[in-house]
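Report on the structure given below.
Order of the sequence lines fixes the chain letters, A, B, ..., with proteins taken first and strands second; residue numbering starts at 1 for each chain.
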Amino acid sequence: MNELNNREKEEFRTSISFIEQFIAEDIKEGKNEGKVVTRFPPEPNGYLHIGHAKAICLDFGMAKKYKGKCNLRFDDTNPVKEDVEYIDSIKEDIRWLGFDWEEREFYASDYFGKLFDFAVELIKRGLAYVDDQPADLISAQKGSPSQPGTESPYRSRPVNENLDLFERMNKGEFDEGSRVLRVKIDMTSPNMHMRDPIIYRIIKSPHHRTGSSWMVYPMYDFAHGQSDYFEGITHSLCTLEFEVHRPLYDWFIDQLKTGDYRPRQIEFNRLNLTYTMMSKRKLLELVQEGRVAGWDDPRMPTLCGLRRRGYTPEAIKRFVDLIGYTKVEAINDVSLLEHAIREDLNMKAPRVFGVLNPLKVIIQNYPEGKVENVELVNNPEDESMGKRLVPFSNEVYIEQDDFMENPPNKFFRLAPGMEVRLKGAYIIKCTGFKKNAKSGAIEEVYCTYDPETRSGGNASDKKVKGTLHWVSAAQALNAEVRLYDRLFDHEDPSGQKDDDYRKFLNPDSLKILTGCKVEPSLAQAATLDRFQFQRLGYFCIDPDSTVSMLVFNRTVPLKDTWAKVNR
RNA sequence: UGACCCAUGGUGUAAUUGGCAACACGUCAGAUUUUGGUUCUGAAGAGUCCAGGUUCGAAACCUGGUGGGUCAACCA
């Protein structure tokens, strides 16, 4: 209720991102007849991560808000790096987030013909030339950011010769790397991207969509802006590092355009998160080196990893909404992401009892063999989620942490002589315990219960300091629980100049608990179902889970002020 | 011996575009609670990177610094 009020308050806020301000101004000025067309342009060479979610939310979000369209376009200009496997996963992840590109699934490769024709046109206009020099020479001639470049000796090659060579490059007459097509701009430009950039190179590997029909492929810089133009994109939203490319894209569009229309590129900051990294290359290394179990390892910042971890699309979108879009290179605190998932799951996740580190409690005055079904609320935040029955008997498991032989001052749990409530059942009092003489480990705890204190009963309003979750031993289901922590123990693992990011891998990022006990209602749970294990955290069923062995992933622990007091 | 971008509590963002620096997360305290969760109340925490300038008035505009980022793939 109150949380809703908070959300409502936030929705009333008038501030919109600088990007949205630009879009709103463009609409107001009647640009593009007030239309908004955006696109999400991934390269199919890896899995999507939460940084992509930030872009997806913007691209699809702006289109939706301003009654426009958002295209999905795969920027597939480099056949050696790309694969259909990635296309499928990307589409799955975007759909999972809840966005729809309808029939507008495009590929940069759809435009290879148009792009080739445009390149030929540039040659004819004397604006492009074939360079026969090797890569290292071309690179050396480019100069450096503080040093102007020098012109290629092939720069003034006659038009006919360029035309002939370019056609023959595409027929496969020359080896990869032997020739490239460059555009003629300015080798002394302070902007490196304007120093006669390469627009076409020879690649003989087959392309996942066009097969072997092309032997030359456009560079990203030559394909991206024009693809936007071909699709009628009005607002081309991308990350900050493309800011310096914008003059080049504008140059191409100047040569291409026939009217007033041109896409407007607006750059925003990438998403960075503490204790992780977004580099696709490094994420791939983690997978290939076996440091994680795969792209969907629940410790990965990939969308499939977060999904398997138990994150909801709503929480991810909420998080993206909270961090905003600016031009500042920021590192966002993971605690905000965790806040977003807790906030969402608090409303949605049914409560259940699960004991991670079981300790048997024997209730000595409760009849042996008797089983009562006690009623528990599924979600105190949402009455419509109903109630369920949970079996109670004379032997129950509680959490090892919930018992102490010699408790400190504010320990509101079980200890010799102390009383606690077993949530939904009875108040019990500890009368003794069994301790392993060698290890000192507590093996069993003995209690008595007060029959009058059953929840809902006569003396049920009796106050005790602590309430524990529990699972009846005889009916308990066995479970494996995987506890995840941050993958790295450094806030910015990939930003350290002198240290490899692997050095900061957190050795405790995964802990597997095998002897866990959960309430019998969980037998019906399906893969990826999410629950709150009361007093512990949010958990979901892992795809590895089977009928004989339930497997849970901990999405995020509950806030724990007791643990905080103890540190 | 460059060009471009950026700078607001610990973190991320606001500030109706020149008018009392606000919100969220986090932190701390209290209340409520059959979850040490949730919820509620309150507090601490920046005077807006620095120095000048314009102005009745600057976080915002101008100049110059400082600091950070990006750019030299036949990657995207």
salt_bridge(A:Lys462, A:Glu452) N-O dist < 4.0 Å:
no
Looking at A:Arg281 and A:Glu285, does any basic side-chain N land under 4.0 Å from a carboxylate oxygen?
yes
Please identify each residue that fulfils ring-ring contact (aromatic ring centres under 6.0 Å, His included) with A:Tyr311, with sequence neighbours left out.
none
So what is the 5' to 3' dot-bracket string for RNA chain B, if pairs are Watson-Crick or G-U wobble with both distances under 3.5 Å, crossing pairs use [ ] and | means the partner sits on another strand?
.((((((..((((.....[..)))).(((((.......))))).....(((((..]....))))))))))).....
Check whether the ring centres of A:Phe106 and A:Phe230 lie less than 6.0 Å apart, and answer yes or no.
no
Here the distance between atom C1' of B:C25 and atom CG of A:Asp321, to the nearest Å, is 14 Å
Would you classify A:Gly466 as touching base, sugar-phosphate or nothing, given that sugar-phosphate means primed atoms plus P, OP1 and OP2, and contacts are heavy atoms under 4.0 Å?
nothing
Could you state the atom-to-atom distance from CE of A:Met347 to P of B:U39 in whole Å?
9 Å
Quick check for you: among B:G26, B:U13, B:G37, whose closest atom lies nearest to any side-chain atom of A:Arg351?
B:G37
Mark up nucleotides 71-76 of chain B, 5' to 3', with B wherever a protein heavy atom is under 4.0 angstrom from a base atom, S wherever such an atom reaches only the sugar-phosphate, and - elsewhere.
BBSBSB
Only counting residues at least two apart or in another chain, list the ones meeting side chain to side chain contact (heavy atoms under 4.5 Å, CB included) with A:Ala119.
A:Phe166, A:Leu181, A:Ile199, A:Tyr200, A:Phe222
Tell me whether the side-chain N or O atoms of A:Gln532 pair up with the base of B:U35 as donor and acceptor below 3.5 Å, since no angle test is needed here.
yes
Euclidean distance, atom CG of residue A:Leu414 to atom P of B:U34 [Å, nearest integer]:
19 Å
Nearest-Å distance once atom P is located in both B:C6 and B:C28
37 Å
What's the gap between B:U66 and B:G57 when it is taken at their P atoms, as a whole Å value?
29 Å
When you check the gap from the basic side-chain N to the acidic O, do A:Asp382 and A:Lys348 get nearer than 4.0 Å?
no
Counting any heavy atom closer than 4.0 Å, what does A:Arg413 reach on the DNA or RNA strands: base, sugar-phosphate only, or nothing?
base
Please write out each protein N/O paired with an N/O of nucleotides 28-31 of chain B under 3.5 Å, distance rounded to 0.1 Å.
unit_1: B:C28; atom_1: OP1; unit_2: A:Arg567; atom_2: NH2; d: 3.2

Separation of B:C25 atom C1' from A:Leu273 atom CG, nearest Å, is 13 Å
Nearest-Å distance once atom P is located in both B:C20 and B:U63
26 Å
Taking only the side-chain nitrogens and oxygens of A:Arg535, find out if one of them lies under 4.0 Å from OP1 or OP2 of B:G36.
yes
Which residue lies more 5' along RNA chain B, comparing A:Leu558 with A:Ser17 via nearest heavy atoms
A:Ser17
Residue set satisfying side chain to side chain contact (heavy atoms under 4.5 Å, CB included) with A:Lys465, at least two apart, ordered chain then number -> A:Phe412
Is there a donor-acceptor contact under 3.5 Å linking the side chains of A:Asp221 and A:Tyr249?
yes
Indicate syn or anti for B:U33, taking the glycosidic torsion and treating anything within 90° of 0 as syn.
anti
Contact class for A:Phe353 vs. all strands (heavy atom < 4.0 Å): base, sugar-phosphate, or nothing?
nothing
When the P atoms of B:A7 and B:C61 are compared, how many Å lie between them, rounded to an integer?
9 Å
If I take atom CD in residue A:Glu399 and atom P in nucleotide B:G36, what distance separates them, rounded to the nearest angstrom?
12 Å
Partner set under side chain to side chain contact (heavy atoms under 4.5 Å, CB included) for A:Ser335, not counting sequence neighbours
A:Asp333
Applying ring-ring contact (aromatic ring centres under 6.0 Å, His included), name anything that partners A:Phe319, two or more places apart in sequence or on another chain.
none
Just to be sure I understand the rule, does A:Arg342 reach a base, reach only the sugar-phosphate, or reach nothing, if contact means heavy atoms closer than 4.0 Å?
nothing
Please evaluate the base of B:G26 for a donor-acceptor partner in the side chain of A:Glu338 within a cut-off of under 3.5 Å?
no
Work out how far the P atom of B:G42 is from that of B:C25, and round it to whole angstrom.
14 Å
Who pairs with A:Asp228 by salt bridge (Lys or Arg N to Asp or Glu O under 4.0 Å), at least two apart in sequence or on another chain?
A:Arg39, A:Arg73
Please measure how far the C1' atom in B:G69 lies from the corresponding atom in B:U27, and state the result in whole Å.
30 Å
Should the pair A:Trp214 and A:Phe116 be assigned to parallel (<30°), tilted (30 to 60°) or perpendicular (>60°) ring geometry?
tilted
Please list residues of residues 324-334 of chain A whose heavy atoms come under 4.0 Å from any atom in RNA chain B, ordered by number; otherwise none.
A:Tyr325, A:Thr326, A:Lys327, A:Val328, A:Glu329, A:Ala330, A:Ile331, A:Asn332, A:Asp333
Anti versus syn assignment for B:G65, with syn defined as within 90° of 0
anti
C1' gap between B:C4 and B:G19, integer Å
33 Å
Under the side chain to side chain donor-acceptor pair (under 3.5 Å) test, residues paired with A:Ser109 that sit two or more places apart:
A:Asp76
Base, sugar-phosphate alone, or nothing: which one does A:Gly456 contact when heavy atoms must sit under 4.0 Å apart?
base
Which whole number of Å gives the distance between the P atom of B:U8 and that of B:A3?
24 Å
Does one side chain, of A:Glu20 or A:Tyr325, offer a donor that lies under 3.5 Å from an acceptor on the other?
no
If you assign A:Phe18 and A:Thr467 each to the RNA chain B nucleotide with the nearest heavy atom, which residue ends up on the more 5' nucleotide?
A:Phe18
Checking A:Arg318 against A:Thr312: is there a side-chain donor and acceptor pair closer than 3.5 Å?
no
Please report the distance, rounded to the nearest Å, between CZ in A:Arg270 and C1' in B:C6.
16 Å
Answer with base, sugar-phosphate or nothing: what part of the nucleic acid does A:Lys559 contact at a heavy-atom distance below 4.0 Å?
sugar-phosphate
Taking only residues two or more places apart in sequence or in another chain, which ones pass side chain to side chain contact (heavy atoms under 4.5 Å, CB included) with A:Pro190?
none
Within this structure, what is the CG-to-C1' distance between A:Leu322 and B:G12, rounded to whole angstrom?
9 Å
Answer yes or no: is there an ion pair linking A:Arg246 with A:Glu267, defined by an N-O contact shorter than 4.0 Å?
yes
In whole angstrom, give the distance that lies between atom CD1 of A:Ile398 and atom P of B:G36.
13 Å
